> 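The structure under discussion is supplied below as structure tokens; questions concerning it will follow.
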Amino acid sequence: MSGHTSIEPPQGAWPYQLKRSDGTGLYEPPVYEPKHPVLRWFESRLPLGGLVYSSVIAYPTPRNLNYWWTFGAILTFMLVAQIVTGVVLVMHYAATADGAFNSVEHIMRDVNFGWLIRYLHANGASMFFLAVYIHMFRGLYYGSYKAPREVLWILGVIIYLLMMATGFMGYVLPWGQMSFWAATVITNLFSAIPIVGEPIVTWLWGGYAVGEPTLQRFFSLHYLLPFVILGVVVLHIWALHVVGQNNPAGIEPRTEKDTVAFTPYATLKDLFFVAVFCIVWAWFVFYIPNYLGHPDNYIPANPGVTPTHIVPEWYYLPFYAILRSIPNKLLGVVALFSAIVVLAFVPWLDTSKVRSATYRPLYKQFFWIFVVVCVGLGWLGSKPPEGVYVVLARIFTAWYFIHFLIVLPLLGRLEKPRPLPNSISEAVLKKRSLASAAAVLLAAMVSIGGLLGMATRASAEESPEPPRQNWSFAGPFGKYDTAQLQRGFKIYREVCQTCHSLKLVPFQALGWAGGPAFSEEQVKAIAAEYKVKAEPNEQGEVEERPARPADYFPPPFPNDQAARAANGGALPPDMSVLAKARGFERGFPGFVFDIFTQYVEEGPDYIHGILTGYEDAPPGFKMPSPNSSYNKYFPGHAIGMPKPLSDGQVSYTDGTPETVDQYAKDIAAFLQWAAEPHLDARKRTGFQVLIFLVVLSVLLYFTKKKIWHEIEKPTEVAKGQDPRATTT
């Protein structure tokens, strides 16, 4: 078969019109015939069993599918997981501007295994997008968009658009600083549309600014759209079953020996890789749950304070870089949406008659360049729109569109493909080429990181990275040091609570396992030292009463205005989630290594650095305010909080050194516990889950190898035999 053989669509009821391997006629797949009379009666009236049998059991699948094809099953699994966890979260979420942030923390702290459901959902979104990007790049590499699969591909693009809308609205729901301002920036894009832009923005907001109506609308749509996605996924799978699956060789199956039954062959391969994918998911959920988020989103939304650098979630960063690379707002919005819409036209932009990049040497090189460009755009989207970042973003944006609009049409006419095999059975997949391509991609990422790292290091010199500390709660088996938490609580009571609140932490949490572990009597005594507002009496007067263990730590000031007046106009932040609301940029390749080393202690390191970073201002440095102090780790170095700690300030009874460094470690550890009170349970559960998933993956792998043993025998394929004839 020459490299330019035309692509013929499949015919018949099944996706492939297969011939028998002995040449005696057409191959007819087995038909579902229930034996029990009740099942036969039901099948005659609603042929559900036959539909399932023909769709997921006897459905013919190309025998040469590799593991890149398992991501379709992974995406289906992740969609169901997102819907299930989302439904549970909705039961406890409050879609109000005053209650949204606190309701998320209520889920994390007070709902049984609420932290698990929330982290599964939040990290599941990232895993969902990771799988869909791999799924899309696989389709682009192997030409799965070509005839007769154009509708299948377009439905996939529609699913991707719905995913982006759903993910964006879900990102807004925690109602943190980054959520609020991301909603403001993204919805403002519609104002660039002439004439109708401003009314659209006002309609989206439900007013003249992002507020509670916006949150409620996004909440409703975020709950609805996953079911819309599920409906389109059904159409996507239906379209797949009509035209059949593509395969690494890019040629249609000819005879029955080119295919295998979907169950058990493809099913076991899918189940094995779903289990492997769940290991990655579990690693993020149980050990680095906030790695893919932004610390600013643990700061309650504040319309009066704009974050220094507004960034969306990582899976939107390439398109965010495209938007910012164009100075004109309208053209930037057009480029943003065009970058997605152009994907739907790939079946017609690619003029080559050959599907798979395995037999297209030039296209393969341009494909990996395109992957590097997409990764580069994602990295640039996370950086400030200034200097070299803008220049590179414009270059990469230009190449993104050049790849689709110029490279693909020209390659189809100029490229000379390699000869295609006569059948799938004769196709030999060279896995080495995939490994070398991955090496090229890794080298390109390192080069990009080295080039852009100069700017990162320059900014790091202005505000040095706080030194890493040895925390007892770090690592896969780390847990809180009870004595350290008790010392940290002592510092909070004697030093911090005069200005800072701890409003999301109940007194009874001080007695929880894995925390300070005070006794029940100690918790009651600590609570009784505080006064909280009682219920109004018969005259409507609100009096105060001693706090009980079920109460929350009361704020030190009656309102924010009083807090500002007592602190020179500055509002001391609440310390409930302070350890997760603070961080610093690690840069490339540090942030990659952090995934494997489980380094997520930027918050405690930052708090320790701030508390120990007070020193005299260098010559020539001007303080913006006479009430400011110089701190080498604080951004801009001018901090409004005076030095809070000094040696010997707090007395310890256990012989621990009474130094600023020790005080800083103890209060940072306590604040980490206040932000993550279930950390010990999370890591303990994670270890059990990972052991289970690893064992399950091993069992599924060897089961898959057992089932595929006869199928993968090269001698039988070479002889033209059908190995399924000897497979039970």
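This one's a predicted model, so the numbers in the text were calculated from it and none came from an experiment.
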> Could you measure the distance from the CD1 atom of Ile667 to the CD1 atom of Ile607? Nearest 0.5 Å is fine.
8.0 Å
> Does Arg487 make a cation-pi contact with Phe670, if we ask for NZ or CZ under 6.0 Å from the ring centre and within 45° of the axis?
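Output no; distance or angle outside limits.
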> How far apart are the C-alpha atoms of Asp574 and Ser576, what are their side-chain angles, what is the distance that settles it, and do they pass the side-chain hydrogen bond (donor to acceptor under 3.5 Å, both in side chains) test?
CA-CA 6 Å; Asp574 178 75; Ser576 303; 2.6 Å; yes
> For Lys533, is the NZ atom crowded, meaning more than 12 foreign heavy atoms sit under 6.0 Å from it?
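Incorrect, the count does not exceed 12.
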> Quick one: are Arg394 and Ser325 in side-chain contact, heavy atoms under 4.5 Å?
yes
> Tell me the closest heavy-atom pair linking Val201 and Thr187, and the distance in Å.
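Between these two residues, the closest heavy atoms are CG2-O, 3.4 Å.
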> Where do Asp661 and Lys665 land on the salt bridge (charged side-chain N to carboxylate O under 4.0 Å, His left out) test, with the steps shown first?
CA-CA 6 Å; Asp661 181 72; Lys665 290 179 180 177; 3.4 Å; yes
> Under a 3.5 Å threshold, yes or no: a donor from one side chain and an acceptor from the other, between Asp605 and Tyr599?
yes
> Please find the pair of heavy atoms, one from Pro516 and one from Gln486, that lie closest to each other, and give the distance.
O-NE2, 2.8 Å
> What's the spacing between Asp654 CG and Gln484 CD if we round to 0.5 Å?
10.5 Å
> Between Ile288 and Val600, what is the shortest heavy-atom contact and its length?
CG2-CG1, 3.2 Å
> Grab the two heavy atoms, one from Pro556 and one from Cys499, that are nearest each other, plus how far apart they are.
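Of all heavy-atom pairs spanning Pro556 and Cys499, the closest is CG-O, 3.5 Å.
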> Taking all non-hydrogen atoms of both residues into account, name the closest pair between Trp115 and Arg682 and its distance.
CH2-CA, 3.4 Å
> Using modelled atom types only, decide if a donor and an acceptor are shared between the side chain of Ser629 and the backbone of Pro642 within a distance under 3.5 Å.
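Judged by distance alone, no pair lies under 3.5 Å.
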> Using 30° and 60° as the class limits, which term best fits the ring planes of Phe489 and Phe553: parallel, tilted or perpendicular?
perpendicular
> What's the spacing between Tyr315 OH and Met164 CE if we round to 0.5 Å?
10.0 Å
> Kindly give the heavy-atom pair with the smallest separation between Ser191 and Lys329, and that separation in Å.
OG-NZ, 2.7 Å
> Examine distances only and state if a side-chain atom of Thr166 and a backbone atom of His222 form a donor-acceptor pair shorter than 3.5 Å.
no
> Parallel, tilted or perpendicular: which fits the ring planes of Tyr530 and Phe507, with parallel below 30° and perpendicular above 60°?
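It falls in the tilted class, 30° to 60°.
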> Determine yes or no for a side-chain-to-main-chain donor-acceptor pair under 3.5 angstrom, with Asp481 supplying the side chain and Ser472 the backbone.
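No, the answer is negative, given that no donor and acceptor are paired below the 3.5 Å cut-off.
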> Please find out if less than 6.0 Å separates the ring center of Tyr663 from that of Tyr652.
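Judged by ring-centre distance (under 6.0 Å), Tyr663 and Tyr652 do meet the cut-off.
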> Can you find a heavy atom in the side chain of Ile639 that is under 4.5 Å from one in the side chain of Ser628?
no
> For Gln177 and Asp296, indicate whether the former's side chain and the latter's backbone hold a donor-acceptor pair under 3.5 Å.
no
> For Asn559 and Ala562, indicate whether the former's side chain and the latter's backbone hold a donor-acceptor pair under 3.5 Å.
yes
> Look at the aromatic rings of Phe219 and Tyr93 and report parallel, tilted or perpendicular, splitting at 30° and 60°.
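Tilted: the ring planes of Phe219 and Tyr93 meet at 30° to 60°.
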> So does Ala393 get a backbone contact from the side chain of Thr397, meaning a donor-acceptor N/O pair under 3.5 Å?
yes
> Between Glu494 and Ile491, is there a donor-acceptor pair closer than 3.5 Å when you use the side chain of the first and the backbone of the second?
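Absent.
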> How long is the gap from CD1 on Ile107 to CZ on Arg118, to the nearest 0.5 Å?
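Answer for the CD1-CZ pair, Ile107 versus Arg118, is 8.0 Å.
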> Any heavy-atom pair between the side chains of Trp175 and Asn297 that's under 4.5 Å?
no
> Determine, stepwise, if the pair Val311 / His294 fulfils side chain to side chain contact (heavy atoms under 4.5 Å, CB included).
CA-CA 9 Å; Val311 291; His294 197 285; 3.7 Å; yes
> Taking the six-membered ring for Trp, are Phe584 and Tyr606 closer than 6.0 Å centroid to centroid?
no
> Once rounded to the nearest 0.5 Å, what's the spacing between atom CG of Asp647 and atom CD of Gln662?
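That separation rounds to 11.5 Å.
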> Quick one: do Tyr287 and Tyr119 satisfy ring-ring contact (aromatic ring centres under 6.0 Å, His included)? Show the steps, please.
CA-CA 10 Å; Tyr287 295 114; Tyr119 280 151; over 10 Å; no
> With a 4.5 Å cut-off on side-chain heavy atoms, are Thr498 and Phe557 touching?
no
> Just one of Trp673, Phe286, Trp512 clears the ring-ring contact (aromatic ring centres under 6.0 Å, His included) bar with His678, so which one?
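Single pass found, and it is Trp512.
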> Would you say the side chains of Trp314 and Ser126 form a donor-acceptor pair under 3.5 Å?
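A donor-acceptor contact under 3.5 Å links the two side chains.
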> Using a strict cut-off of less than 4.0 Å between a Lys/Arg side-chain nitrogen and an Asp/Glu carboxylate oxygen, indicate whether Lys580 and Glu676 qualify as a salt bridge.
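A salt bridge links Lys580 with Glu676.
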> Is it the case that Asp98 and Thr96 place a side-chain donor and acceptor less than 3.5 Å from each other?
no
> Is a side-chain donor-acceptor pair under 3.5 Å present for Trp181 with Thr306?
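Checked: Thr306/Trp181 side chains show no N/O donor-acceptor pair below 3.5 Å.
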> According to side-chain contact (heavy atoms from CB on, under 4.5 Å), who are the partners of Pro657, at least two apart in sequence or on a separate chain?
Thr659
> Give, for atom NZ of Lys632 and atom CG of Asp616, the distance between the pair rounded to the nearest 0.5 Å.
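It is 12.0 Å, given to the nearest 0.5 Å.
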> Parallel under 30°, tilted from 30 to 60°, perpendicular over 60°: which one fits the rings of Phe129 and Tyr316?
perpendicular
> Should we count CG of Asn470 as having more than 12 external heavy atoms under 6.0 Å?
no
> Under 4.5 Å between any side-chain heavy atoms of Asn631 and His637, yes or no?
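With C-beta onward as the side chain, the pair stays apart.
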> Which of parallel (below 30°), tilted (30 to 60°) and perpendicular (above 60°) describes Phe473 and Trp471?
parallel
> Less than 4.5 Å apart, any side-chain heavy atom of Tyr291 and any of Asp594?
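A side-chain contact exists here, since the closest heavy-atom pair is under 4.5 Å.
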> Between Tyr480 and Gln672 (side chain of the first, backbone of the second, donor and acceptor by atom type, cut-off under 3.5 Å), is there such a pair?
yes
> So, Lys683 side chain and Gly475 main chain: donor-acceptor pair closer than 3.5 Å or not?
yes
> Decide ring-ring contact (aromatic ring centres under 6.0 Å, His included) for Phe168 and Phe218; before the verdict, give the C-alpha distance in whole Å, the side-chain angles of both, and the deciding distance to 0.1 Å.
CA-CA 9 Å; Phe168 165 67; Phe218 281 17; 5.6 Å; yes
> Give a yes or no on this: more than 12 heavy atoms of other residues, nucleotides or ligands lie within 6.0 Å of atom CZ of Phe621.
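Count over threshold, so yes.
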> Look only at the side chain of Ser103 and the backbone of Ala94, and say whether a donor-acceptor pair between them is shorter than 3.5 Å.
yes
> Looking at Asp666 and Lys490, is any side-chain nitrogen of the basic one under 4.0 Å from a carboxylate oxygen of the acidic one?
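Between Asp666 and Lys490 there is no salt bridge, as every charged N stays at least 4.0 Å from the carboxylate O atoms.
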